[in-house]
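Read the structure below first, then the notes.
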Amino acid sequence: MSVTTITAYGPEVTASLADQAYGRLRDRLTMLEIRPGAMIQEALLAAEMGIGRTPVREALKRLETDHLVVCYPRRGTFATQVDITALSDVSELRRHLEPVAAHKAALSAPPVLRQQMHELVRTLEELAGAEPTNRACMRADLDVHRLIYRATGNEHLEETLVRLDNLATRIWCLVLDRVPGVSGHVHEHVELLEAIAAGRADDAAGLALDHVTSFERTMRTVL
C-alpha cells in the first residue's frame with residue numbers, strides 16, 4: 001500500500017525518499033548499528049522509516065555499490081562483513097585524497113560552510129570537556145569529514161572520500177573499545193577545521209595527512 005502511495009506522487013518524491021533511506025541506512029551500517037553479516041529486511045526497514053519498500057530497495061542498490069551491503073540471489077541482502085584487510089588499500093587512497101580535499105576546501109568553501117566549520121569546532125570543544133562516549137566521538141568524526149568533503153565543491157571527490165571514510169569508520173567501530181584516546185583523535189580536527197575556515201590551504205593539507213596517518217597507525221596497534 002505504501003509503495004503505491006509513493007509511486008503516485010511521482011519519481012521525484014520516490015527519489016527523495018530513496019535519498020533519505022540511503023542516508024539513514026548508510027550511517028547505521030557505517031556505525032555498525034546494523035551488525036556485519038546481518039540480514040537486511042526491506043519490509044522491516046520500510047516500516048521503521050515510515051516509507052514504502054521501493055525507496056528502500058533503491059537505497060540498498062546504492063549501498064551495495066558502496067560495499068556496505070551485499071545481495072545474494074535467492075538468499076537476500078546482508079550487511080557486509082568489516083574487511084580489516086582493506087585497511088592498507090583504503091589508507092593508501094586517503095593519504096593521497098584527504099590532503100587534496102582539505103587544500104581545496106580551504107580555497108573553495110563558501111562562507112556558509114566556513115561558518116559551519118566554526119560551529120563544529122565549538123561542538124568538538126564541548127565534546128572534549130564532557131567526557132563523551134566513543135560512539136559520540138565517532139559520529140562527530142563523520143560530521144567533520146563530510147563537511148570538509150562537501151566544502152571542496154567537487155562532487156566526485158566528495159563521493160569517493162565519503163565512501164572511503166565510511167569503510168575506515170567501520171574498521172574503527174569494530175575495535176572501538178580497544179582504541180585508546182578516541183576523543184583526542186577526534187579533537188585533532190579542531191586545528192584542521194580552523195585552518196580550512198581561515199583559508200590556510202597548505203596547513204590544512206598537512207594536517208589532513210597527519211590525521212590519516214595517525215588513524216592508520218592507531219588501527220595497526222589494535223588489529
Side-chain angles (χ1 to χ4, degrees), residues 23 26-33 82 84 87 90-152 157-158 161-223:
R26 179 192 63 185
D27 289 354
R28 290 177 64 185
L29 289 158
T30 297
M31 294 292 294
L32 305 189
E33 292 170 2
V82 178
I84 296 174
L87 176 62
V90 170
S91 296
E92 180 182 16
L93 290 171
R94 293 184 73 212
R95 282 195 300 271
H96 289 287
L97 295 179
E98 292 277 358
V100 171
H103 190 279
K104 186 167 180 57
L107 298 177
S108 304
V112 63
L113 293 187
R114 294 183 195 272
Q115 180 58 37
Q116 289 181 27
M117 291 176 193
H118 289 303
E119 293 170 0
L120 194 46
V121 164
R122 288 194 290 272
T123 298
L124 294 176
E125 297 285 10
E126 291 172 1
L127 272 177
E131 298 184 2
T133 65
N134 284 350
R135 298 193 72 80
C137 290
M138 292 312 302
R139 288 189 177 280
D141 185 85
L142 285 175
D143 289 342
V144 170
H145 283 284
R146 289 175 184 174
L147 178 57
I148 293 171
Y149 305 154
R150 188 162 68 251
T152 66
L157 180 60
E158 178 183 0
L161 277 169
V162 166
R163 185 177 301 173
L164 291 171
D165 188 53
N166 288 341
L167 296 176
T169 300
R170 294 188 91 216
I171 296 173
W172 200 335
C173 286
L174 188 68
V175 297
L176 198 54
D177 293 338
R178 309 202 321 257
V179 177
V182 174
S183 61
H185 179 85
V186 175
H187 194 262
E188 291 175 4
H189 288 111
V190 167
E191 191 174 0
L192 174 58
L193 287 171
E194 289 177 339
I196 294 174
R200 294 186 282 110
D202 290 340
D203 290 344
L207 290 165
L209 178 58
D210 290 344
H211 182 74
V212 174
T213 303
S214 173
F215 164 79
E216 183 179 14
R217 184 168 54 247
T218 299
M219 289 300 98
R220 291 194 181 283
T221 64
V222 297
L223 291 175

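None of these values were measured; they are calculated from a predicted model. These numbers come from the heavy atoms of this one structure, side chains and all, not from hydrogens, waters or symmetry mates. If you read the sequence from its start, that first residue is 1, and numbering goes on from there.
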Are any side-chain N or O atoms of [X] and backbone N or O atoms of [Y], one a donor and one an acceptor, separated by less than 3.5 Å?
| X | Y | value |
| --- | --- | --- |
| Asp141 | Cys137 | no |
| Ser214 | Asp210 | no |
| Arg170 | Asp165 | no |

Mind checking the CD-CD1 spacing from Glu216 to Ile171? Nearest 0.5 Å is all I need.
-> 9.5 Å
With under 30° as parallel and over 60° as perpendicular, where do the rings of His145 and His189 fit, or are they tilted in between?
-> perpendicular
Using every non-hydrogen atom in the two residues, find where [X] and [Y] come nearest and quote the distance to one decimal.
| X | Y | result |
| --- | --- | --- |
| Ala205 | His103 | CB-CB, 4.1 Å |
| Tyr149 | Arg94 | OH-NH2, 4.3 Å |
| Ala195 | Asp203 | CB-CB, 4.3 Å |
| Ala102 | Leu192 | CB-CD1, 4.2 Å |

Do Met138 and Leu142 come within less than 4.5 Å of each other through their side chains, counting heavy atoms only?
-> no
List the atom pairs, donor and acceptor, that lie under 3.5 Å between side-chain atoms in residues 116-126 and the rest of the protein, sequence neighbours left out.
unit_1, atom_1, unit_2, atom_2, d
Gln116, OE1, Arg150, NH2, 3.3
Thr123, OG1, Glu119, O, 3.2
Glu125, OE1, His187, NE2, 3.1

Tell me, please, whether Phe215 has Arg220 positioned over its six-membered ring: NZ or CZ under 6.0 Å from the ring centre and within 45 degrees of its axis?
-> no
